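Reckoned from all heavy atoms, side chains included, excluding hydrogens, waters and symmetry mates. Note that this is a predicted model, so its numbers are computed, not measured. Counting begins at 1 with the first residue of the sequence.
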Amino acid sequence: MISEIRIGYGCDVHRFAEGRELILCGVKLPHEKGLLGHSDADVAVHALIDALLGALALGDIGYFFPDTDPRYRGADSMELLRKTLAHEAFSSWNISNVDLTLITQKPRLAPHITAMRESLARALSLTTERISVKAKTNEGMGFVGRMEGMEARAVVLLTAEK
């Protein structure tokens, strides 16, 4: 019997940069530019981490993995996700579902959605039916529309039997 639920929301943005790999949900995608960041700049996983932390009122990704800490330079965001879930606060919670939206003009993400869902499913020990990854454009508006960067938004539902 579920006696408690928590909802978390997270968002993140990163600018595009030459000479970087584009990694989303732990999947390397072919693109002429990657995302700039202290870690691998996986904007999708960063939004997901913020949603998870927010659901339990634990702060944000910058608090747990500050970009001023050299230990996280070039870090694999999927490893940061694993470290987040290893936090003792998550021990009595189950992830019910994840809903993730990626906002970018390019690259076209539809051909990679299945791989991204599968990657997150493995990391979260969930079935892909509990993970939604959607792609949207920004209709040519703003920094996303000008192809300067990418945005990600995530919502998670946590449940506990207490």
Side-chain angles (χ1 to χ4, degrees), residues 6-69 72-85 95-124 126 128-158:
R6 296 281 185 99
I7 298 170
Y9 170 78
C11 63
D12 196 29
V13 297
H14 283 278
R15 70 178 62 240
F16 282 115
E18 300 284 344
R20 301 265 307 186
E21 290 184 313
L22 179 59
I23 302 170
L24 297 173
C25 303
V27 177
K28 291 180 184 178
L29 279 68
H31 192 56
E32 63 269 10
K33 293 181 181 179
L35 294 170
L36 185 61
H38 186 69
S39 67
D40 64 7
D42 187 331
V43 69
V45 173
H46 293 182
L48 176 56
I49 290 170
D50 267 353
L52 288 163
L53 293 170
L56 298 183
L58 295 174
D60 63 24
I61 191 171
Y63 175 78
F64 274 76
F65 309 108
D67 63 6
T68 55
D69 190 330
Y72 304 117
R73 177 170 295 289
D76 176 345
S77 293
M78 295 297 276
E79 182 58 30
L80 300 181
L81 177 60
R82 284 186 277 281
K83 286 182 180 188
T84 300
L85 293 172
I95 300 170
S96 180
N97 73 299
V98 171
D99 187 11
L100 183 64
T101 304
L102 296 164
I103 308 166
T104 188
Q105 290 301 125
K106 289 185 180 179
R108 183 165 149 63
L109 298 180
H112 309 285
I113 296 291
T114 298
M116 289 189 277
R117 289 177 67 211
E118 290 170 349
S119 176
L120 289 176
R122 284 189 301 276
L124 300 172
L126 296 174
T128 56
E129 290 77 21
R130 293 182 175 265
I131 298 171
S132 171
V133 176
K134 305 178 302 291
K136 303 289 183 194
T137 69
N138 219 28
E139 300 292 327
M141 298 181 294
F143 78 94
V144 170
R146 292 187 300 271
M147 294 182 279
E148 296 171 5
M150 186 180 295
E151 180 178 356
R153 300 176 189 177
V155 178
V156 300
L157 177 65
L158 302 182

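- Summarising the geometry of Arg117 relative to Ile131, their closest heavy-atom pair is NE-O, 2.6 Å, with the distance given to 0.1 Å.
- For Arg82, the CZ atom is densely surrounded, since the number of other residues' heavy atoms within 6.0 Å is greater than 12.
- In this structure, Gln105 contributes its side chain and Arg146 its backbone to no donor-acceptor pair below 3.5 Å.
- Side chain of His38 to main chain of Asp69: a donor-acceptor pair is present (N/O by atom type, distance under 3.5 Å, no hydrogens or angles).
- Under a cut-off of 6.0 angstrom, the local environment of NZ in Lys134 is crowded, with over 12 non-hydrogen atoms contributed by other residues, nucleotides or ligands.
- Arg6 places a side-chain N or O within donor-acceptor distance of the main-chain N or O of Ala55, the cut-off being under 3.5 Å.
- By the 4.5 Å heavy-atom criterion applied to side chains, Leu24 and Met150 are counted as neighbours.
- Counting heavy atoms from C-beta outward, Leu109 and Pro107 have side chains that approach closer than 4.5 Å.
- Contact record, His14 with Leu36: ND1-O, 2.7 Å, taken as the closest heavy-atom pair.
- Using modelled atom types, no side-chain atom of Arg153 and backbone atom of Thr101 make a donor-acceptor pair closer than 3.5 Å.
- The main-chain N or O of Ala115 is never found under 3.5 Å from a side-chain atom of Ser119 such that the two would form a donor-acceptor pair.
- Ring planes of Phe16 and His31: tilted class, angle from 30 to 60°.
- Listed for the Arg20 side chain is a donor-acceptor partner under 3.5 Å among the backbone atoms of Leu35.
- At distances below 3.5 Å, not a single donor-acceptor pair connects side-chain atoms of Glu118 with backbone N or O atoms of Thr128.
- Between atom OG1 of residue Thr104 and atom NZ of residue Lys136 there is a gap of 13.5 Å, rounded to the nearest 0.5 Å.
- Between the side chains of His46 and Asp12, a donor-acceptor pair is found at a separation under 3.5 Å.
- Rounding to the nearest 0.5 Å places CE of Met116 at 5.5 Å from CG of Leu29.
- Counting only heavy atoms from C-beta outward, the side chains of Ile103 and Val13 never approach each other to under 4.5 Å.
- Taking CG of Leu53 as the start and CG of Leu48 as the end, the distance is 9.5 Å to the nearest 0.5 Å.
- Here Asp40 contributes atom CG and Tyr72 contributes atom OH; the two are 14.0 Å apart, rounded to the nearest 0.5 Å.
- Nearest heavy-atom pair across Leu58 and Phe64 is O-CE1, 3.2 Å.
- Here the side chain of Asp50 pairs a donor or acceptor atom with the backbone of Ile61 at under 3.5 angstrom.
- The closest donor-acceptor contact from the side chain of Asp42 to the backbone of Gly26 lies under 3.5 Å.
- Shortest non-hydrogen contact noted between Ile95 and Leu126 is O-CD2, 3.4 Å.
- Of all heavy-atom pairs spanning Leu85 and Ala123, the tightest one is CD1-O, 4.3 Å.
- Atoms CG and CD, from Asn97 and Glu129 in turn, are 12.0 Å apart once rounded to the nearest 0.5 Å.
- Leu52 has its side chain out of reach of Leu56: every pair of non-hydrogen atoms, C-beta onward, lies at least 4.5 Å apart.
- For Ala75 against Ser39, the heavy-atom pair with the smallest separation is O-CB, 3.4 Å.
- Within the 3.5 Å criterion, the main-chain N or O of Ser96 finds a donor-acceptor partner in the side chain of Arg130.
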